[in-house]
Number of protein chains: 2
Amino acid sequence: MAKQMTEMLKGTLEGIVLAILSEQPAYGYEITARLRDQGFTDIVEGTVYALLIRIEQRGFVDVTKVPSEKGPPRKVYSLNAAGTEYLDEFWRSWAFLADRIGRLPRHDRDQKEEGS
Amino acid sequence: MAKQMTEMLKGTLEGIVLAILSEQPAYGYEITARLRDQGFTDIVEGTVYALLIRIEQRGFVDVTKVPSEKGPPRKVYSLNAAGTEYLDEFWRSWAFLADRIGRLPRHDRDQKEEGS
DNA sequence: TACCGGTACCCGGTGACACTGAGTAGCAGG
DNA sequence: CCTGCTACTCAGTGTCACCGGGTACCGGTA
């Protein structure tokens, strides 16, 4: 993926992870796998863990240590009230930005996908 | 605007400016004004000029000095071939990201909040 | 003349973020 | 034993938007 992605992900990756956690609690290794699954093949573990530590220190998630039979104990993150609110703000910012960018002079090649 | 915007704009602001330039050449002061016009009220001149210098050094734009009757000469930036290609890549990255984010859970709250 | 405000551009420093590349540790199987 | 998977950690790097200044040119007003 283009180098542009790296910069674009700033700010959005956080929201993406928060959104994943809003569905159900998860731990770092799992989140990394799920991100890869969803197409973000270039995102490595180190990035995700650093992000998780950040949102933990900001108080957006609650953490529970759960033993694993296959390795070190898992740190399971679950979104709390503050995190939910922050995620909400993320969606508002995203909606704003996406709207403005959607209005930019189109590059001709417009692809519309009728939603399933 | 939320602090989230600052991070979200990283990478995208560049694309936004490039997209503006793809429509027609423009100079810094004008671009700043146009951004404000389009809702990016928090973006200050310094940010735009720094960005313009960057994309100039990367060879995405051609620059022409045009005298102004109202102040210092204008540096008019116009997108060149490399810039066009880079902008194209920006759109691809954006489409990818917007698509993934669109698939995230609990995105359904695209209420517009007016009033208050 | 002296000053103010609009036009137009530039710069050094800051904080935040994703990335790099390495490391620790537990467990299972060849 | 040693590889490979699971699972987490961490110091250092580069890039970006932001901050808060500054320079300079010009027209209008007091």
Side-chain angles (χ1 to χ4, degrees), chain A residues 1-18 25-36 40-58 60-61 63-77 86 90 93 97, chain B residues 1-18 25-36 40-58 60-61 63-77 86 90 93 97:
Chain A
M1 193 52 51
K3 202 175 4 182
Q4 319 226 30
M5 269 311 277
T6 296
E7 291 305 320
M8 271 193 207
L9 281 174
K10 290 188 179 175
T12 56
L13 182 57
E14 203 176 83
I16 291 168
V17 170
L18 253 25
Y27 56 97
Y29 195 81
E30 185 189 3
I31 293 170
T32 305
R34 205 175 298 180
L35 285 172
R36 290 184 192 284
F40 297 102
T41 53
D42 294 339
I43 294 177
V44 292
E45 296 172 59
T47 299
V48 176
Y49 285 116
L51 193 160
L52 288 172
I53 288 170
R54 235 179 351 252
I55 63 178
E56 178 187 357
Q57 282 174 347
R58 291 193 184 166
F60 297 149
V61 287
V63 186
T64 320
K65 271 227 158 96
V66 176
S68 162
E69 337 78 42
K70 305 208 110 195
R74 297 167 174 167
K75 284 181 74 177
V76 175
Y77 296 83
Y86 187 77
F90 166 78
S93 294
L97 185 60
Chain B
M1 191 55 50
K3 202 176 6 183
Q4 318 227 32
M5 268 314 278
T6 294
E7 292 304 321
M8 271 193 206
L9 280 174
K10 290 186 179 175
T12 55
L13 183 57
E14 203 175 84
I16 291 168
V17 170
L18 253 25
Y27 55 98
Y29 194 81
E30 183 188 4
I31 292 170
T32 304
R34 206 176 298 181
L35 285 172
R36 290 184 193 283
F40 298 100
T41 52
D42 295 339
I43 294 177
V44 292
E45 295 173 59
T47 299
V48 177
Y49 285 115
L51 193 160
L52 288 172
I53 288 170
R54 235 179 351 253
I55 63 177
E56 177 186 358
Q57 282 173 348
R58 291 194 183 164
F60 296 149
V61 287
V63 186
T64 320
K65 271 229 159 94
V66 177
S68 162
E69 338 76 43
K70 304 208 108 193
R74 298 167 172 166
K75 283 183 74 178
V76 175
Y77 295 83
Y86 187 78
F90 165 78
S93 296
L97 185 61

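What's counted below: heavy atoms across the whole structure, side chains too, no hydrogens, waters or symmetry copies. Throughout, a chain's letter reflects where its sequence line sits, starting with A, and its residues are numbered from 1. These figures come from a predicted structure and were not determined experimentally.
Among residue pairs with one or both ends in residues 64-74 of chain B, none qualify as salt bridge (charged side-chain N to carboxylate O under 4.0 Å, His left out); sequence neighbours excluded. Sorted by first and then second residue, the side chain to side chain donor-acceptor pair (under 3.5 Å) pairs with a member in residues 43-54 of chain B form an empty list; sequence neighbours excluded. Counting only residues at least two apart or in different chains, side chain to side chain donor-acceptor pair (under 3.5 Å) contacts with residues 7-17 of chain B comprise B:Glu7-B:Lys10, B:Glu14-B:Tyr86.
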Close N/O contacts between protein and nucleotides 13-18 of chain D (under 3.5 Å):
residue	atom	partner	partner atom	Å
D:dG14	N2	A:Lys10	NZ	3.1
D:dT15	O2	A:Lys10	NZ	2.8
D:dC16	OP1	B:Arg58	NH1	3.4
D:dC16	OP1	B:Arg58	NH2	2.9
D:dC16	OP2	B:Arg58	NH2	2.7
D:dC16	O2	B:Lys10	NZ	3.0
D:dA17	OP1	B:Leu9	O	3.4
D:dA17	OP2	B:Arg54	NH2	2.4
D:dC18	OP2	B:Thr47	OG1	3.3

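The distance from atom CE of A:Met5 to atom CD1 of A:Ile43, rounded to the nearest 0.5 Å, is 6.5 Å. Atom CZ of B:Phe60 sits about 7.5 Å away from atom CG of B:Leu18, to the nearest 0.5 Å. Rounding to the nearest 0.5 Å places CD1 of B:Ile16 at 9.5 Å from CG of B:Leu51.
Considering all non-hydrogen atoms of both residues, B:Val48 and B:Gly28 come closest at CG1-O, 4.1 Å.
DNA chain D is contacted by B:Glu69, B:Lys70, B:Gly71, B:Pro72 of residues 63-72 of chain B, taking any non-hydrogen atom closer than 4.0 Å.
Atom OH of B:Tyr29 is separated from atom C1' of D:dC25 by 13 Å (rounded to the nearest Å). B:Glu45 has its CD atom 13 Å from the C1' atom of D:dC19, to the nearest Å.
Comparing the helix axis at one end of the helix from C:dT1-D:dA30 to C:dG30-D:dC1 with that at the other, each defined from 5 consecutive pairs, gives an inter-axis angle of 20° (nearest 10°).
When the side-chain nitrogen and oxygen atoms of A:Tyr49 are compared with OP1 and OP2 of D:dC8, one or more of them lie within a distance under 4.0 Å.
Residues forming a side chain to side chain contact (heavy atoms under 4.5 Å, CB included) with B:Glu30 (at least two apart in sequence, or on another chain): B:Ala26, B:Tyr27, B:Arg34. Listed by chain and residue number, nothing satisfies the side chain to side chain contact (heavy atoms under 4.5 Å, CB included) test with A:Thr6 (two or more places apart in sequence, or in another chain). In this structure B:Glu56 satisfies the salt bridge (Lys or Arg N to Asp or Glu O under 4.0 Å) test together with B:Lys75, sequence neighbours excluded.
Looking at A:Val61 and A:Leu52, their side chains never come closer than 4.5 Å, going by heavy atoms from C-beta outward. Counting heavy atoms from C-beta outward, A:Phe40 and A:Leu9 have side chains that approach closer than 4.5 Å.
First and last contacts of DNA chain C with chain B, using any nucleotide atom under 4.0 Å from a protein heavy atom and ordered 5' to 3', fall at C:dG6 to C:dC17.
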